[in-house]
Amino acid sequence: MAENETDGTRRDFLFISTAAVGVVGAGAAVWPLVDQMNPDASAQALASIEVDLDPIEEGQAITAMWRGKPIFIRHRTAAEVEQAKDVQITDLPDDQARLLGTTKSLPATDENLTKGDDNEKWLVLVGICTHLGCIPKGQRLGDTKGEFNGWFCPCHGSHYDTAGRIRKGPAPENMAVPPYDFVSPTKIKIG
Ligand code: FES
């Protein structure tokens, strides 16, 4: 089983790498090799990525790579959004929104974990379990999503909800939200 899971993870990463290259855009594709090898340019390229959300249908999720980390991007269904909003903050093992790149201390409400309003259906997370750093399952169709319909980390049994918050198991914190913004209604820039 573990071998299949590993293979599946690799396939996901291959898919994602392809997608990530695809979202860089035509301008970047024509950079000569010498520019790609320039450390400054290289570091800059890794600092942020743009992801086109248009192909991601409701109920689907993709994984992008940003600064060497898997980024989960889920187009949540209305039911998943409601499920996330219905949770009482006092029921959360970790009541803090883990927002990378900010010192703000905010409660882990769905509103604080997303961009709200028209964009509340989009959930963007660093896809790393906060227990020991495994990559939770729940991205691919047919994956188990755990008891709270979000993600499940089979390494030691951590269950995350539809806002990426830890609900059961040994993980001490909610999954983190990377810094990102919408640069158009269907495109985000991460980093
Ligand atoms: Fe996820 Fe242990 S690494 S539960």
Side-chain angles (χ1 to χ4, degrees), residues 1-17 19-20 46 49 51 56 59-77 79-81 83-114 121-180 188 190-191:
M1 185 185 74
E3 193 176 324
N4 286 342
E5 284 171 8
T6 304
D7 286 350
T9 303
R10 282 192 189 131
R11 274 198 301 275
D12 281 351
F13 279 129
L14 287 173
F15 165 72
I16 286 142
S17 297
L46 290 172
I49 58 168
V51 180
I56 312 171
Q60 285 188 331
I62 67 159
T63 308
M65 291 300 291
W66 172 68
R67 295 186 180 177
K69 298 182 178 70
I71 302 295
F72 291 171
I73 302 171
R74 185 182 283 191
H75 185 171
R76 301 185 297 177
T77 63
E80 288 171 339
V81 172
Q83 208 175 351
K85 285 183 162 180
D86 280 349
V87 175
Q88 298 298 312
I89 208 83
T90 49
D91 289 339
L92 296 172
D94 175 20
D95 65 5
Q96 291 294 301
R98 304 293 170 179
L99 309 174
L100 295 185
T102 175
T103 53
K104 281 183 199 163
S105 176
L106 295 173
T109 60
D110 196 63
E111 290 76 9
N112 288 336
L113 295 166
T114 65
K121 62 189 176 189
W122 296 108
L123 185 67
V124 182
L125 300 169
V126 176
I128 296 177
C129 179
T130 62
H131 179 223
L132 294 177
C134 292
I135 299 175
K137 300 184 80 66
Q139 284 295 92
R140 295 189 302 160
L141 287 176
D143 270 0
T144 175
K145 293 179 178 171
E147 292 181 21
F148 296 86
N149 200 29
W151 289 267
F152 174 63
C153 186
C155 307
H156 307 90
S158 287
H159 300 253
Y160 295 87
D161 68 15
T162 58
R165 297 170 295 202
I166 183 64
R167 302 297 300 279
K168 182 179 176 184
E173 292 186 359
N174 303 322
M175 279 195 272
V177 178
Y180 75 95
I188 57 171
I190 302 170

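Just follow the structure's listing: the first ligand is 1, and inside any ligand the first atom is 1.
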Asks: Tell me yes or no: SG of Cys134 and SG of Cys155, less than 2.5 Å apart?
Replies: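 With an SG-SG separation under 2.5 Å, Cys134 and Cys155 do form a disulfide.
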Asks: Is atom 1 (Fe) of ligand 1 less than 2.8 Å from at least one N/O/S atom of Cys153?
Replies: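 So Cys153 does bind atom 1 (Fe) of ligand 1 by this criterion.
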Asks: Which of parallel (below 30°), tilted (30 to 60°) and perpendicular (above 60°) describes Phe152 and His159?
Replies: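 The rings of Phe152 and His159 sit tilted, inter-plane angle from 30° to 60°.
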Asks: Atoms of ligand 1 less than 4.0 Å from Cys134 heavy atoms?
Replies: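 Heavy-atom distances to Cys134 below 4.0 Å select 3 (S).
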Asks: Which of the N/O/S atoms in His156 sits closest to atom 2 (Fe) of ligand 1?
Replies: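 Closest to atom 2 (Fe) of ligand 1 among those atoms: ND1.
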Asks: Quick one: OG1 on Thr162 to CZ on Arg76, what's the gap to the nearest 0.5 Å?
Replies: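 Going from the OG1 atom of Thr162 to the CZ atom of Arg76 covers 5.5 Å.
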Asks: Between Asp161 and Arg167, is there a side-chain N and carboxylate O pair less than 4.0 Å apart?
Replies: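 Looking at Asp161 and Arg167, the cut-off is met.
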Asks: Going by the order shown, which atoms of ligand 1 are within less than 4.0 Å of some heavy atom of Ser158?
Replies: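 Selected atoms, number and element: 4 (S).
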Asks: Does Cys129 bring an N, O or S atom to under 2.8 Å of atom 1 (Fe) of ligand 1?
Replies: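 Yes, Cys129 qualifies, because one of its backbone or side-chain N, O or S atoms lies under 2.8 Å.
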Asks: Check Glu80 against His75 and note the closest heavy-atom contact, atom names and distance.
Replies: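 Scanning both residues completely, I find the closest heavy atoms to be OE1-O, 4.3 Å.
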Asks: Of all N, O or S atoms in His131, which has the smallest distance to atom 2 (Fe) of ligand 1?
Replies: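 This turns out to be ND1.
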Asks: Consider side-chain contact (heavy atoms from CB on, under 4.5 Å). Of Ile188, Leu125, Leu123, which one does Ile73 pass it with?
Replies: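 Exactly one option meets the side-chain contact (heavy atoms from CB on, under 4.5 Å) with Ile73, and it is Ile188.
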Asks: Closest non-hydrogen protein atom to atom 3 (S) of ligand 1, residue and atom name please, with distance?
Replies: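 Checked against all protein heavy atoms, atom 3 (S) of ligand 1 sits closest to Leu132 N, 3.3 Å.
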